[in-house]
Amino acid sequence: MKNKRYMLSYFILASLVLLFLALNLCAGSVAVPLREIPGILLGREADEVFRDIIMTIRFPRALAAAILGGGLALSGYLLQTFFHNPIAGPFTLGISSGAKLVVALVMVFALGRSIHVSALLMIAAAFAGAMISMGFVLLMSRVMDNMSMLIVSGVMISYICSAVTDFIVTFADDSNIVNLHNWSKGSFSGITWENVALMAAVIFLTSFFVFLMSKPISAYQMGEAYAKNMGVNIQLFRTLLVLLSSVLSACVTAFAGPVSFVGIAVPHLVKSLLRTTKPLLMIPGCFLGGAVFCLLCDLLARVLLAPTELSISTVTAVFGAPIVILIMVRKKKEKAG
Amino acid sequence: MKPMKEFYFYTEGLTVGYHGVPLIKNIEIRLKKGEILTLIGPNGAGKTTILKSIIRQLAPIGGVTWLDGEEIEKLSGNAFSKKVSVVLTDRVRPELMTCEDVVATGRYPYTGRFGLLSGADWELVWEAMDLVHVGDLRERDFTKISDGQKQRVMLARAICQEPDIIVLDEPTSFLDIRYKLEFLSILQRMSRSRNLSVIMSLHELELAGRISDKLLCVKGDKVDRFGTPEEVFTPGYISELYGMTVGSYDEATGNLELEAVKKDPEIFVIAGNGTGTALFRKLQREGISFAAGILWENDLDCPAASALAFEVVVEKAFSPITQEKVERAKKLIDACGSVICTPDLDGAGEWAKELRELAAYAGTKGKLKAYSVLT
């Protein structure tokens, strides 16, 4: 009975990934007919223009959206588990913005001296930023046991970091600043195949580690004290959780800038779909769900006002924010009932 | 230090506290397998702190805790969790988990890398649930059951962890009287049938005195007493342990009374055989001071009378009433405005003749009032 539900859910999610992947390849300022796609992907003879559009622009971009979306959703799930808070996420806790700030600093510094910034360095910079924000949030969480206050302080950190980033971007004098500007608003554009390979390596590896941790995560859901009594090394577990979720959101930020609400909305939606919180099921579910969510949002970002492109956070916020409100209303109801 | 073979669980000079500041020093617990130890003491005395320290949630400041011949601090997390399971006061709010899922987390130390339960594991889960009478809640959402049910589900969880010791922090606090008794009965049965040791804290002294093999009395910064209920519950000890300034607790019977009315007595109650206790309490509620007599020490009415009356004329147990006591009672009757006689003296035997004499004496003075507690 339950297993049937899980199988069906995964089937739906996987189908949606494929569907939106296909749509992302077809749709755009130049429409590519669906029947051309298999030929292009398999390297058979095809229209050169179409091939070029698909293979150098749309396909890497769609893959990036899927991979980064998955990583982001997973990062959100880990943070929610860690803080026992349904609206914790890389964006609400200011982790994305911290990563953004350090990446912007590094980029402006490098661009000013015409140094090439490798993708790996970007990830490292983002990770450093994520850890700084995370450290601050952890400090705050020691002082404040009220979870909503923690989120408020996270959002404040986020604003401060964004303000500083805007400041840097505005005053950085370079022609490349347009790119930086787009990036700092959040976008999956300009992804190369090298980028895809690197992000796939980082995110898949990290996600695999997360999956291996599903047993202690399930123990942690019972609360710290009980988890300890089940034999979980809490100190180590918490450290790993912080590191893994930071790596995930840092990697996303390095390539796509800050992407809002995915980390909160997707785990919630997947939980409602699977009707379970078992990490063994939630972790793959969140990854697939994040991929679907970001593919859809990126599709909309590209085609809604084409040829003008919306920033990805604009679209994710439209879908994600109402879900966050819904979660809070539901929590309130649960408490009252 | 050499392990003490005869005890399964014991502490040596255990000092507990927070942030390096000792709260309770030199705790010496000795517990054999299958014994039940209860921690009692006033609120904030540190019962929870002691419990947290012996389940490794809190690092001890000094001393050693031994479990089955090994120091608990040296056991691996997994090895420890196979020996000790807990029921804590922490509110668990697991999302979308059935009761069965919650109980199944008890099997955690026995499962593999992904924490998947085998068929045999599930059998143990269901067996534990049946044992605490929550077998019919398997598929129910844990957050949607009553507090009493939750507490039993958490006990089932602790049981299916197959520990040698279960540690429970105030397990009966949110339970009504029926569930309190049921819960403790389950623990008692488990300790007998599975040779399981139980360490818990309780607020209900009368229950603690009934169920425990050993009691540990925590007071201020030290363990005040450690021993069997008989050794611990000496007359007047509970008032002292809890620093009671109003009301009284009778250690022998577990009888608890509110503060006595401190005025000159208005009513003399001829009581006996438990007929007077309800009246004593009614008079206390109405703020009327009374005297009572003549009661034998072993009369059912004696604990309540001693706690509530201005004066009680008491005769030694198993002895005929002496003239001296009769005189004292008559003096009190003279001082009181009215006299109420609660037992049926006409139908009573030979030894009640002094009581009949008192009633007659009150009658001649026109003070004897008819009374029924029910009116």
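Lettering of chains follows the sequences in order, A, B, ..., and the numbering in each one begins at 1. This is a predicted model, so every value here is computed, not measured.
Side-chain atoms of B/Tyr108 and A/Pro216, non-hydrogen and from C-beta on, do get closer than 4.5 Å to each other. At least one side-chain heavy atom of B/Met97 sits less than 4.5 Å from a side-chain heavy atom of A/Met222.
The 12-atom threshold is not exceeded at CZ of B/Phe174, counting heavy atoms of other residues, nucleotides or ligands nearer than 6.0 Å. By the neighbour-count criterion of 12 heavy atoms within 6.0 Å, atom CZ of A/Phe136 is sparsely surrounded, having that number or fewer from other residues, nucleotides or ligands. Within a 6.0 Å radius of CZ in A/Phe208, no more than 12 heavy atoms belonging to other residues, nucleotides or ligands are found. Atom NZ of B/Lys33 has more than 12 heavy atoms from other residues, nucleotides or ligands within 6.0 Å.
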Could you check B/Gln57 against A/Asn229 for side chain to side chain donor-acceptor pair (under 3.5 Å), going step by step and ending with a plain yes or no? CA-CA 8 Å; B/Gln57 303 272 355; A/Asn229 183 248; over 6 Å; no

**Report entry** Verdict with supporting geometry, A/Leu274 and B/Leu96, side chain to side chain contact (heavy atoms under 4.5 Å, CB included)
**Finding:** CA-CA 10 Å; A/Leu274 292 171; B/Leu96 294 170; over 6 Å; no

Check your understanding: Can you check side chain to side chain contact (heavy atoms under 4.5 Å, CB included) on B/Glu95 and A/Lys271, steps first, answer last?
Key -> CA-CA 10 Å; B/Glu95 243 185 314; A/Lys271 199 163 61 194; 2.9 Å; yes

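For A/Lys278, the part lying under 4.5 angstrom from a heavy atom of chain B is the side chain only. Proximity to chain A (any heavy atom under 4.5 Å) is shown, for B/Leu75, by neither the backbone nor the side chain. Neither the backbone nor the side chain of A/Pro86 comes within contact range of chain B, judged by heavy atoms closer than 4.5 Å. Looking at B/Thr111, the atoms closer than 4.5 Å to chain A (heavy atoms on both sides) sit in the backbone and in the side chain alike. In this structure, the portion of B/Arg157 lying under 4.5 Å from any heavy atom of chain A is its side chain and not its backbone.
The greatest number of non-hydrogen atom pairs below 4.5 Å with chain A, out of B/Gly112, B/Gly106, B/Pro94, is found for B/Gly112. Interface summary for chain A: among B/Thr143, B/Asp101, B/Ile55, the most heavy-atom pairs under 4.5 angstrom belong to B/Asp101.
Shortest non-hydrogen contact noted between A/Met230 and B/Pro109 is O-CG, 4.1 Å. When all heavy atoms of A/Tyr226 and B/Leu88 are compared, the closest pair comes out as OH-N, 2.8 Å.
Identified by a heavy-atom distance below 4.5 Å to chain B, the contributing residues of residues 231-242 of chain A are A/Gly231, A/Val232, in residue-number order.
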